[in-house]
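Everything on this sheet refers to the single structure shown next.
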Amino acid sequence: MITSLEGSWCLILGASSGMGLATAHELAREGVNILGVHFDTTDGQEKAAVAREEMRTHGVQAHFFNANAASARTREELLPRFAELTGGAGVRILVHSLAFGTLLPFVAPETEPGVTSRQMNMTLDVMAHSLVYWTQDLFTAGLLREGAKVYAMTSGGGARVMPSYGAVSAAKAALESHVRQLALELAPSGIAVNALRAGVTPTPSMERIPDSDRLARHARGLNPHRRLTRPEDVAEAISLLSRTDSSWITGNVIGVDGGENLTFTPNDPSYLT
(Lines give C-alpha, C1' and ligand atoms only; values in the text may rest on other atoms or scores of the structure.)
Protein backbone atom coordinates (compact mmCIF):
# COMPACT_ATOMS: atom_id res chain seq x y z
CA MET A 1 0.00 0.00 0.00
CA ILE A 2 1.28 3.47 -0.89
CA THR A 3 1.56 5.69 2.18
CA SER A 4 2.48 9.27 2.98
CA LEU A 5 5.98 10.04 4.27
CA GLU A 6 4.83 13.13 6.13
CA GLY A 7 5.88 13.13 9.77
CA SER A 8 8.33 10.25 9.39
CA TRP A 9 12.08 10.44 10.05
CA CYS A 10 15.06 9.97 7.75
CA LEU A 11 18.68 9.51 8.83
CA ILE A 12 21.24 10.51 6.22
CA LEU A 13 24.90 9.62 6.62
CA GLY A 14 26.79 12.13 4.50
CA ALA A 15 24.08 14.78 4.59
CA SER A 16 26.00 17.95 3.79
CA SER A 17 26.69 17.54 0.06
CA GLY A 18 25.94 15.59 -3.09
CA MET A 19 23.23 12.94 -3.06
CA GLY A 20 22.84 13.04 0.71
CA LEU A 21 22.08 16.76 0.74
CA ALA A 22 19.75 16.53 -2.26
CA THR A 23 17.86 13.71 -0.55
CA ALA A 24 17.52 15.73 2.65
CA HIS A 25 16.01 18.65 0.72
CA GLU A 26 13.66 16.41 -1.30
CA LEU A 27 12.34 14.55 1.73
CA ALA A 28 11.98 17.72 3.81
CA ARG A 29 9.72 19.08 1.07
CA GLU A 30 7.66 15.90 1.47
CA GLY A 31 7.25 16.53 5.19
CA VAL A 32 9.95 14.14 6.40
CA ASN A 33 11.98 15.08 9.48
CA ILE A 34 15.73 14.94 8.85
CA LEU A 35 18.62 13.63 10.94
CA GLY A 36 21.92 14.33 9.21
CA VAL A 37 25.44 13.20 10.02
CA HIS A 38 28.34 14.83 8.19
CA PHE A 39 32.06 15.41 8.78
CA ASP A 40 33.14 18.85 7.61
CA THR A 41 35.50 21.74 8.19
CA THR A 42 34.19 25.14 9.24
CA ASP A 43 33.13 26.06 5.71
CA GLY A 44 31.24 22.81 5.28
CA GLN A 45 29.58 23.19 8.66
CA GLU A 46 28.34 26.64 7.72
CA LYS A 47 26.84 25.34 4.48
CA ALA A 48 25.19 22.50 6.37
CA ALA A 49 23.69 24.98 8.85
CA VAL A 50 22.21 27.01 5.99
CA ALA A 51 20.75 23.86 4.44
CA ARG A 52 19.29 22.78 7.76
CA GLU A 53 17.48 26.09 8.22
CA GLU A 54 16.13 25.89 4.68
CA MET A 55 14.70 22.45 5.40
CA ARG A 56 12.98 23.77 8.50
CA THR A 57 11.06 26.25 6.39
CA HIS A 58 9.00 23.28 5.20
CA GLY A 59 7.70 22.79 8.74
CA VAL A 60 9.84 19.76 9.56
CA GLN A 61 12.47 19.10 12.16
CA ALA A 62 16.06 19.02 10.88
CA HIS A 63 19.04 18.21 13.08
CA PHE A 64 22.58 17.96 11.74
CA PHE A 65 25.55 16.50 13.60
CA ASN A 66 29.16 17.13 12.55
CA ALA A 67 30.80 13.83 13.44
CA ASN A 68 32.71 10.95 11.86
CA ALA A 69 29.96 8.58 10.71
CA ALA A 70 32.46 5.72 10.42
CA SER A 71 33.34 5.90 14.13
CA ALA A 72 31.82 3.51 16.65
CA ARG A 73 31.90 6.30 19.23
CA THR A 74 29.72 8.46 16.97
CA ARG A 75 27.09 5.75 16.81
CA GLU A 76 27.28 5.22 20.56
CA GLU A 77 26.79 8.93 21.23
CA LEU A 78 24.14 9.70 18.60
CA LEU A 79 21.76 6.74 18.81
CA PRO A 80 20.30 7.76 22.20
CA ARG A 81 19.91 11.29 20.82
CA PHE A 82 18.11 9.95 17.74
CA ALA A 83 15.76 7.89 19.92
CA GLU A 84 14.95 11.03 21.91
CA LEU A 85 14.40 13.24 18.85
CA THR A 86 12.17 10.77 17.03
CA GLY A 87 10.03 10.36 20.12
CA GLY A 88 9.78 6.63 19.71
CA ALA A 89 8.75 6.83 16.05
CA GLY A 90 12.00 5.32 14.81
CA VAL A 91 13.77 5.91 11.51
CA ARG A 92 11.67 5.24 8.41
CA ILE A 93 14.52 5.86 5.92
CA LEU A 94 18.27 5.31 6.31
CA VAL A 95 20.49 6.69 3.55
CA HIS A 96 24.16 5.70 3.52
CA SER A 97 25.94 8.25 1.32
CA LEU A 98 29.51 8.25 2.61
CA ALA A 99 32.17 8.95 -0.01
CA PHE A 100 35.62 9.13 1.52
CA GLY A 101 38.40 6.88 0.28
CA THR A 102 41.81 6.69 -1.28
CA LEU A 103 42.34 7.21 -5.01
CA LEU A 104 45.84 5.79 -5.23
CA PRO A 105 46.77 2.97 -7.63
CA PHE A 106 47.49 -0.53 -6.42
CA VAL A 107 50.77 -0.67 -8.36
CA ALA A 108 52.31 2.77 -8.73
CA PRO A 109 55.30 3.97 -10.73
CA GLU A 110 58.55 3.82 -8.79
CA THR A 111 58.52 7.51 -7.86
CA GLU A 112 54.86 7.63 -6.79
CA PRO A 113 53.00 6.15 -3.81
CA GLY A 114 50.68 3.18 -4.11
CA VAL A 115 47.81 2.32 -1.81
CA THR A 116 48.72 1.17 1.70
CA SER A 117 47.01 -1.35 3.94
CA ARG A 118 45.78 1.45 6.19
CA GLN A 119 44.29 3.38 3.27
CA MET A 120 42.63 0.28 1.85
CA ASN A 121 41.08 -0.62 5.21
CA MET A 122 39.89 2.94 5.77
CA THR A 123 38.21 3.08 2.36
CA LEU A 124 36.38 -0.20 2.87
CA ASP A 125 35.40 0.70 6.43
CA VAL A 126 33.96 4.12 5.59
CA MET A 127 32.33 3.38 2.25
CA ALA A 128 31.10 -0.17 2.87
CA HIS A 129 31.39 -1.70 6.33
CA SER A 130 29.88 1.30 8.14
CA LEU A 131 26.54 0.50 6.48
CA VAL A 132 26.47 -2.80 8.37
CA TYR A 133 27.42 -1.22 11.70
CA TRP A 134 24.82 1.56 11.49
CA THR A 135 22.10 -0.88 10.45
CA GLN A 136 23.02 -3.28 13.25
CA ASP A 137 22.92 -0.58 15.93
CA LEU A 138 19.75 1.10 14.68
CA PHE A 139 17.95 -2.24 14.52
CA THR A 140 19.16 -3.30 17.97
CA ALA A 141 18.04 0.05 19.40
CA GLY A 142 14.56 -0.48 17.97
CA LEU A 143 14.87 2.45 15.56
CA LEU A 144 14.49 0.37 12.38
CA ARG A 145 11.10 -1.28 12.24
CA GLU A 146 8.69 -2.91 9.81
CA GLY A 147 8.31 -0.73 6.72
CA ALA A 148 11.71 0.92 7.09
CA LYS A 149 13.91 1.42 4.03
CA VAL A 150 17.72 1.28 3.90
CA TYR A 151 19.57 2.71 0.89
CA ALA A 152 23.26 2.52 0.04
CA MET A 153 24.87 4.57 -2.72
CA THR A 154 26.88 2.42 -5.12
CA SER A 155 28.23 3.12 -8.62
CA GLY A 156 29.11 1.43 -11.87
CA GLY A 157 32.70 1.50 -10.62
CA GLY A 158 31.93 -1.46 -8.40
CA ALA A 159 31.99 -3.72 -11.47
CA ARG A 160 34.40 -1.81 -13.72
CA VAL A 161 38.01 -0.73 -13.63
CA MET A 162 39.35 2.81 -13.90
CA PRO A 163 42.77 4.27 -13.15
CA SER A 164 43.36 4.85 -9.41
CA TYR A 165 39.84 3.66 -8.54
CA GLY A 166 40.75 0.21 -7.19
CA ALA A 167 40.11 0.76 -3.49
CA VAL A 168 36.83 2.60 -4.08
CA SER A 169 35.75 -0.05 -6.59
CA ALA A 170 36.42 -2.74 -3.98
CA ALA A 171 34.40 -0.75 -1.43
CA LYS A 172 31.44 -0.46 -3.80
CA ALA A 173 31.55 -4.19 -4.55
CA ALA A 174 31.63 -4.94 -0.81
CA LEU A 175 28.79 -2.48 -0.22
CA GLU A 176 26.58 -4.30 -2.72
CA SER A 177 27.39 -7.60 -1.03
CA HIS A 178 26.47 -6.11 2.36
CA VAL A 179 23.15 -4.90 0.91
CA ARG A 180 22.26 -8.42 -0.23
CA GLN A 181 23.11 -9.93 3.15
CA LEU A 182 21.26 -7.27 5.14
CA ALA A 183 18.24 -7.69 2.86
CA LEU A 184 18.21 -11.41 3.62
CA GLU A 185 18.53 -10.99 7.36
CA LEU A 186 16.07 -8.09 7.73
CA ALA A 187 13.34 -9.49 5.46
CA PRO A 188 11.56 -11.27 8.35
CA SER A 189 11.30 -7.87 10.06
CA GLY A 190 9.75 -6.24 6.99
CA ILE A 191 12.74 -3.95 6.34
CA ALA A 192 13.92 -3.39 2.76
CA VAL A 193 17.58 -2.85 1.88
CA ASN A 194 18.70 -1.75 -1.58
CA ALA A 195 21.67 -0.16 -3.31
CA LEU A 196 21.08 2.71 -5.72
CA ARG A 197 23.52 2.80 -8.63
CA ALA A 198 23.58 6.41 -9.76
CA GLY A 199 25.08 7.34 -13.08
CA VAL A 200 28.07 9.64 -13.34
CA THR A 201 26.97 12.50 -11.09
CA PRO A 202 28.67 15.86 -10.50
CA THR A 203 29.37 15.86 -6.76
CA PRO A 204 32.34 16.95 -4.62
CA SER A 205 33.45 13.31 -4.34
CA MET A 206 33.41 12.85 -8.11
CA GLU A 207 35.58 15.93 -8.57
CA ARG A 208 38.36 14.18 -6.63
CA ILE A 209 38.53 11.32 -9.14
CA PRO A 210 41.47 11.75 -11.55
CA ASP A 211 40.31 12.86 -15.02
CA SER A 212 36.75 13.34 -13.76
CA ASP A 213 36.11 16.01 -16.41
CA ARG A 214 36.90 13.55 -19.19
CA LEU A 215 34.79 10.89 -17.48
CA ALA A 216 31.85 13.32 -17.32
CA ARG A 217 32.14 14.26 -21.00
CA HIS A 218 32.25 10.61 -21.98
CA ALA A 219 29.21 9.73 -19.87
CA ARG A 220 27.20 12.71 -21.07
CA GLY A 221 27.80 11.81 -24.70
CA LEU A 222 26.71 8.19 -24.26
CA ASN A 223 23.77 8.66 -21.88
CA PRO A 224 20.47 8.27 -23.76
CA HIS A 225 19.26 11.46 -22.06
CA ARG A 226 22.39 13.35 -23.17
CA ARG A 227 23.04 14.66 -19.70
CA LEU A 228 24.65 13.50 -16.46
CA THR A 229 22.73 12.14 -13.51
CA ARG A 230 21.90 14.84 -10.97
CA PRO A 231 21.80 14.36 -7.19
CA GLU A 232 18.14 15.33 -7.39
CA ASP A 233 17.45 12.31 -9.63
CA VAL A 234 18.65 10.03 -6.84
CA ALA A 235 16.70 11.95 -4.22
CA GLU A 236 13.48 11.57 -6.19
CA ALA A 237 14.08 7.82 -6.54
CA ILE A 238 14.47 7.49 -2.77
CA SER A 239 11.27 9.44 -2.19
CA LEU A 240 9.38 7.27 -4.68
CA LEU A 241 10.66 3.93 -3.40
CA SER A 242 9.97 4.84 0.23
CA ARG A 243 6.23 5.44 -0.23
CA THR A 244 5.22 1.88 0.54
CA ASP A 245 5.25 -0.26 3.67
CA SER A 246 6.15 -3.28 1.54
CA SER A 247 9.61 -4.81 1.78
CA TRP A 248 9.17 -6.85 -1.41
CA ILE A 249 11.66 -4.74 -3.37
CA THR A 250 14.82 -5.65 -1.50
CA GLY A 251 18.39 -6.85 -2.04
CA ASN A 252 18.72 -5.11 -5.39
CA VAL A 253 21.12 -2.79 -7.15
CA ILE A 254 18.70 -0.30 -8.70
CA GLY A 255 19.98 1.84 -11.54
CA VAL A 256 19.21 5.57 -11.29
CA ASP A 257 21.16 6.66 -14.33
CA GLY A 258 18.85 7.54 -17.21
CA GLY A 259 19.96 4.42 -19.06
CA GLU A 260 23.68 5.21 -18.79
CA ASN A 261 24.57 1.67 -17.81
CA LEU A 262 23.16 0.46 -21.13
CA THR A 263 25.80 2.29 -23.14
CA PHE A 264 28.61 3.50 -20.86
CA THR A 265 31.94 1.68 -21.26
CA PRO A 266 34.75 3.48 -19.38
CA ASN A 267 37.25 0.92 -20.69
CA ASP A 268 36.65 2.22 -24.20
CA PRO A 269 39.90 3.63 -25.65
CA SER A 270 38.09 6.90 -26.37
CA TYR A 271 37.86 7.43 -22.60
CA LEU A 272 41.13 5.96 -21.39
CA THR A 273 43.43 7.57 -23.95
Side-chain angles (χ1 to χ4, degrees), residues 3-40 44-45 48-49 51-56 58-100 125-153 175 178-179 182 185-186 189-194 235 238-239 241-243 245 247:
T3 60
S4 170
L5 295 175
E6 186 173 1
S8 62
W9 287 86
C10 175
L11 169 58
I12 300 177
L13 308 176
S16 63
S17 66
M19 299 174 197
L21 180 59
T23 300
H25 279 300
E26 174 69 21
L27 293 179
R29 286 190 290 269
E30 298 294 332
V32 178
N33 301 303
I34 305 299
L35 300 169
V37 181
H38 61 105
F39 200 30
D40 286 303
Q45 292 178 53
R52 179 195 64 207
E53 294 308 312
E54 183 177 339
M55 292 169 204
R56 289 176 176 174
H58 299 292
V60 303
Q61 296 188 54
H63 307 275
F64 277 39
F65 303 86
N66 189 47
N68 180 6
S71 167
R73 178 173 295 181
T74 295
R75 298 194 304 277
E76 181 180 347
E77 292 175 351
L78 289 186
L79 257 64
R81 181 70 173 135
F82 294 163
E84 178 185 358
L85 288 169
T86 60
V91 173
R92 167 77 177 201
I93 303 167
L94 169 62
V95 177
H96 183 280
S97 184
L98 300 179
F100 183 79
D125 196 55
V126 173
M127 299 185 70
H129 305 335
S130 61
L131 169 70
V132 176
Y133 308 144
W134 273 100
T135 304
Q136 284 176 329
D137 288 355
L138 287 163
F139 183 79
T140 301
L143 293 173
L144 282 181
R145 304 168 187 168
E146 185 175 1
K149 305 289 184 286
V150 178
Y151 301 102
M153 299 298 113
L175 184 70
H178 293 340
V179 163
L182 287 169
E185 296 186 15
L186 291 175
S189 299
I191 298 170
V193 187
N194 289 287
I238 290 173
S239 176
L241 290 167
S242 300
R243 294 172 181 275
D245 290 327
S247 58

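Along the sequence shown, residues are numbered consecutively beginning with 1.
Between Met127 and Ala99, the shortest heavy-atom distance links the atoms CE-CA, 4.0 Å. Closest heavy-atom contact between Ser239 and Glu30: OG-CG, 3.9 Å. The nearest pair of heavy atoms linking Ile12 to Gly20 is CD1-O, 3.5 Å. Taking each heavy atom of Ser130 and His96 in turn, the nearest pair found is OG-NE2, 2.8 Å. Looking at every heavy atom in both residues, Leu79 comes nearest to Leu143 through O-CD1, 4.0 Å. The shortest heavy-atom contact between Gly88 and Arg145 is O-NH1, 2.6 Å.
Atom CD of Glu146 sits in a sparse spot, with 12 or fewer heavy atoms from other residues, nucleotides or ligands closer than 6.0 Å. Environment of CZ in Phe64: crowded, with over 12 heavy atoms of neighbouring residues, nucleotides or ligands closer than 6.0 Å. More than 12 heavy atoms of other residues, nucleotides or ligands shown are found within 6.0 angstrom of CZ on Phe65.
The distance from the CD1 atom of Ile238 to the NZ atom of Lys149 is 12.5 Å, given to the nearest 0.5 Å. Between the CD1 atom of Ile191 and the OG1 atom of Thr135 there is a distance of 9.0 Å, given to the nearest 0.5 Å. Taking CG of Leu11 as the start and CH2 of Trp134 as the end, the distance is 6.0 Å to the nearest 0.5 Å. The distance from atom CG of Leu78 to atom CG of Leu35, rounded to the nearest 0.5 Å, is 9.0 Å.
Each of Leu21, Leu27, Asn33 was evaluated against Met55; a single residue qualifies, Leu21, per the side-chain contact (heavy atoms from CB on, under 4.5 Å) test.
One N or O on the side chain of Arg56 and one on the backbone of Ala62 form a donor-acceptor pair closer than 3.5 Å. In terms of modelled atom types and a separation under 3.5 Å, the side chain of Arg52 and the main chain of Gly36 share no donor-acceptor contact. In terms of modelled atom types and a separation under 3.5 Å, the side chain of Asp245 and the main chain of Gly147 share no donor-acceptor contact. Side-chain atoms of Thr74 come within 3.5 Å of backbone atoms of Asn68 as a donor-acceptor pair (strictly under, hydrogens ignored).
Between Val37 and Phe82, some side-chain heavy-atom pair lies under the 4.5 Å cut-off. Side-chain contact between Leu241 and Tyr151: present, with at least one pair of heavy atoms (C-beta onward) separated by less than 4.5 Å. Residues Leu13 and Leu131 form no side-chain contact, since every pair of their non-hydrogen atoms from C-beta on lies 4.5 Å or further apart. At least one side-chain heavy atom of Thr3 sits under 4.5 Å from a side-chain heavy atom of Arg92.
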Determine, stepwise, if the pair Ser242 / Leu5 fulfils side chain to side chain contact (heavy atoms under 4.5 Å, CB included). CA-CA 8 Å; Ser242 300; Leu5 295 175; 4.1 Å; yes
Side chain to side chain contact (heavy atoms under 4.5 Å, CB included) for Leu182 and Val150? Distances and angles first, verdict last. CA-CA 9 Å; Leu182 287 169; Val150 178; 5.6 Å; no
Let's go through Tyr133 and Asp125 carefully: what are the C-alpha distance in whole Å and the side-chain angles of both, what is the deciding distance for side chain to side chain contact (heavy atoms under 4.5 Å, CB included) to 0.1 Å, and is it a yes or a no? CA-CA 10 Å; Tyr133 308 144; Asp125 196 55; 3.6 Å; yes
Verify side chain to side chain contact (heavy atoms under 4.5 Å, CB included) between His38 and Asn66, making sure each step is shown before the conclusion. CA-CA 5 Å; His38 61 105; Asn66 189 47; 3.4 Å; yes
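Ring-plane geometry between Trp9 and His63 is classed as parallel, the angle between the planes falling under 30 degrees on a 0 to 90 degree scale with a further cut at 60.
One finds no salt bridge joining Glu76 and Arg73 here, because no Lys/Arg side-chain nitrogen approaches an Asp/Glu carboxylate oxygen to under 4.0 Å.
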